[in-house]
Number of protein chains: 2
Amino acid sequence: MHQKLREHIEKVITLTDDEFSLVLSHFHFRSFKKKEFLISKGDSNVDCYYIVSGLLKLIYDDENANEHIVSFSMEDWWESDFIAFFTNTHATMSLQCIEDTDVFCISIENYQKLCDSLQKMEHFLLKKSNSGHIASQRRILSFLTSSAKERYDLLLKQHPSLFQRVNKTMLASYLGVSRETLSRLSS
Amino acid sequence: MHQKLREHIEKVITLTDDEFSLVLSHFHFRSFKKKEFLISKGDSNVDCYYIVSGLLKLIYDDENANEHIVSFSMEDWWESDFIAFFTNTHATMSLQCIEDTDVFCISIENYQKLCDSLQKMEHFLLKKSNSGHIASQRRILSFLTSSAKERYDLLLKQHPSLFQRVNKTMLASYLGVSRETLSRLSS
DNA sequence: TCTAACGCGTGACAAACATCACAAATGTCA
DNA sequence: TGACATTTGTGATGTTTGTCACGCGTTAGA
């Protein structure tokens with residue numbers, strides 16, 4: 001299990017065994033069952049997660065209790081309510097399992113300690129943050145420039161596996177359309 | 001002019017005079033006139049910009065030559081086509097002056113060199129990247145959860161100054177609605 | 001294995017928004 | 001100042017999407 005985290009990090013930087021032990025000591029390994037929450041709206045002390053296996057959804061519940069899916073996250077991705085994580089405030093979003101999921105989690109304190117104690121990891125985390133920023137920019141672009149149908153087609157092209165693992169109601173929520181509209185788009 | 005950049009960085013980390021000189025040597029100062037392009041679609045070697053003064057728009061032109069405004073950027077912000085900047089690929093977006101604008105620009109090579117030569121700056125840039133990621137997440141949330149009218153009200157509340165500096169056509173493009181719809185929302 | 005919950009499609013209708021067309025007001029610049 | 005472009009509002013109309021309602025097959029759990 002540790003090996004997966006190590007391989008993931010070593011795609012960007014190289015680590016000695018001692019260095020990896022140091023890294024690992026800043027994380028906790030945890031397993032969650034389908035439907036369990038890693039983060040619940042209102043939580044303080046929000047962690048950041050590296051996903052070893054499984055599938056999660058990051059959701060925002062609006063004032064009418066409608067669920068909006070901000071992102072799906074799967075194997076080899078990092079996820080959190082980054083607003084809460086980085087600003088050390090209460091969670092405005094929730095992170096919930098769609099499938100049984102194994103993760104390594106890190107607190108913001110340990111995130112900062114790790115950056116301080118191992119410069120290489122700060123470099124790694126900068127790369128990851130930049131990638132996250134890019135992914136968000138792409139999603140903004142899709143909302144600005146594409147119709148619901150086009151966003152549907154783009155998602156089908158870029159992440160076909162999601163269509164096997166996630167039901168239509170959640171796909172609709174991710175695409176920002178109603179379940180009924182999605183049903184009509186795909187038929 | 002250098003002082004502005006230094007103050008901006010020293011909100012996060014402290015620098016000696018020598019360190020700041022080192023930092024500065026990685027940037028170029030440039031001035032642009034209204035309507036000039038800092039980045040044009042298709043450019044290679046896209047730089048990243050710290051905005052000393054002025055106002056920019058980051059735009060995406062779709063296949064029908066419709067202009068979509070991905071973001072506005074003003075004094076004390078960082079801006080680029082981050083997808084092109086970080087992945088070292090051709091620009092898919094353009095960055096254009098709405099007002100005369102002064103910037104410090106940095107290439108991706110110098111960005112990386114700076115990270116390597118001054119760890120403190122890597123820390124600073126990680127903070128900035130995380131902030132950028134957060135801003136993007138907020139914008140995604142606004143598209144997922146809010147109507148055009150709500151996005152209009154939110155923008156008016158969070159950035160009232162934009163309404164003085166930017167015409168309605170551009171505001172509409174930023175909000176993702178037609179000019180006519182925006183005109184009806186605001187009346 | 002029985003039952004309630006869930007997933008998914010679809011019809012009918014309403015609301016939101018885009019598009020096209022036009023006119024008035026304002027800004028720009030030689 | 002005059003000519004021209006830009007900005008903005010608004011009416012008419014069509015398209016897209018949301019909402020509500022319903023049925024039916026599948027799934028999950030006691």
Side-chain angles (χ1 to χ4, degrees), chain A residues 32-37 54-55 57 59-69 72 96-100 140-156 160-187, chain B residues 33-37 55 57 59-69 72 96-100 140-156 160-187:
Chain A
F32 293 88
K33 291 280 168 197
K34 188 172 172 172
K35 295 197 178 176
E36 274 191 284
F37 285 87
L55 184 59
K57 57 178 175 177
I59 58 189
Y60 178 84
D61 293 301
D62 66 20
E63 59 277 6
N64 306 319
N66 292 116
E67 173 179 304
H68 303 273
I69 297 186
F72 294 112
Q96 188 181 14
C97 292
I98 296 174
E99 303 170 357
D100 294 356
I140 290 168
L141 263 186
S142 78
F143 278 113
L144 274 176
T145 65
S146 304
S147 66
K149 172 67 172 159
E150 288 165 335
R151 293 202 297 280
Y152 175 86
D153 291 338
L154 193 67
L155 185 64
L156 184 57
S161 66
L162 269 182
F163 287 70
Q164 267 72 58
R165 298 170 75 178
V166 164
N167 70 38
K168 303 289 179 70
T169 304
M170 287 195 267
L171 281 180
S173 171
Y174 177 82
L175 292 170
V177 296
S178 70
R179 185 186 64 76
E180 295 89 339
T181 297
L182 180 68
S183 172
R184 289 175 183 119
L185 289 179
S186 54
S187 63
Chain B
K33 290 283 169 197
K34 187 172 173 172
K35 295 195 178 178
E36 272 191 285
F37 286 87
L55 183 60
K57 57 178 174 177
I59 58 189
Y60 178 85
D61 293 301
D62 66 22
E63 59 278 7
N64 306 320
N66 292 116
E67 173 179 303
H68 302 273
I69 297 186
F72 294 112
Q96 189 181 14
C97 291
I98 297 173
E99 303 171 356
D100 293 356
I140 290 169
L141 264 184
S142 79
F143 277 114
L144 274 176
T145 67
S146 304
S147 65
K149 173 65 173 160
E150 287 165 335
R151 293 202 297 279
Y152 174 86
D153 290 340
L154 193 68
L155 185 65
L156 185 56
S161 67
L162 268 182
F163 288 69
Q164 266 74 57
R165 298 169 76 178
V166 165
N167 71 38
K168 303 290 178 70
T169 303
M170 288 195 265
L171 280 181
S173 170
Y174 177 81
L175 291 170
V177 295
S178 70
R179 187 186 64 75
E180 294 90 337
T181 297
L182 180 70
S183 172
R184 290 176 180 115
L185 288 178
S186 55
S187 62

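All chains are named by letter (A, B, ...) in the order of the sequence lines, taking the proteins before the strands, and each is independently numbered beginning at 1.
- B:I98 places its CD1 atom 11 Å from the P atom of D:dT7, with the value rounded to the nearest Å.
- With rounding to whole Å, A:L175 atom CG is found 11 Å from D:dT17 atom P.
- Nearest heavy atom pair, residue B:I98 against residue B:K57, reads CD1-CB, 3.7 Å.
- Considering only residues two or more places apart in sequence or on other chains, B:K34 meets the salt bridge (Lys or Arg N to Asp or Glu O under 4.0 Å) condition with none of them.
- When rounded to the nearest whole Å, the span between CG of A:N167 and C1' of C:dC6 equals 9 Å.
- Scanning both residues, A:L156 and A:F163, for their nearest heavy atoms gives CA-CE1, 3.3 Å.
- Scanning atom types as modelled, one donor and one acceptor separated by under 3.5 angstrom connect the side chain of B:R179 and the base of D:dG9.
- When each of B:S186 and B:K35 is assigned the nucleotide of DNA chain D bearing its nearest heavy atom, the one mapping closer to the 5' terminus is B:K35.
- Regarding A:L182, its CG atom lies at a distance of 12 Å from the C1' atom of C:dG7, rounded to whole Å.
- B:K168 has its NZ atom 13 Å from the C1' atom of C:dT26, to the nearest Å.
- A rotation axis mapping the C1' atoms of four pairs onto the next four is fitted at both ends of the helix from C:dT1-D:dA30 to C:dA30-D:dT1 over five pairs, and the angle between these axes is 60° to 10 degrees.
- In terms of heavy-atom proximity, B:C97 sits nearest to B:E99 at CB-O, 3.3 Å.
- The ring pair (Phe, Tyr, Trp, His ring centres under 6.0 Å) check on A:F37 picks up nothing, with sequence neighbours excluded.
- For the pair A:Q96 and A:F32, the minimum side-chain heavy-atom distance is 4.5 Å or more.
- Summarising the geometry, atom OH belonging to A:Y60 is positioned 11.0 Å from atom CG belonging to A:N66; distances are rounded to the nearest 0.5 Å.
- For A:S183, taking side-chain heavy atoms from C-beta onward, the closest of the listed nucleotides C:dG9, D:dT17, C:dA18 is C:dG9.
- Spacing between atom CD of A:E150 and atom C1' of D:dT17 amounts to 15 Å, rounded to whole angstrom units.
- Within the 4.0 Å cut-off from OP1 or OP2 of C:dC17, not a single side-chain nitrogen or oxygen of B:T181 is found.
- Taking atom CZ on B:R184 and atom P on C:dA16, their separation rounds to 14 Å, with Å as the unit.
- Residue B:K149 has no polar side-chain atom (N or O) positioned under 4.0 Å from OP1 or OP2 of C:dA16.
- Rounded to whole Å, the distance from NZ on A:K34 to P on C:dA5 is 18 Å.
- Taking every side-chain heavy atom of A:E180 into account, C:dT10 is the closest of D:dG18, C:dT10, C:dC17.
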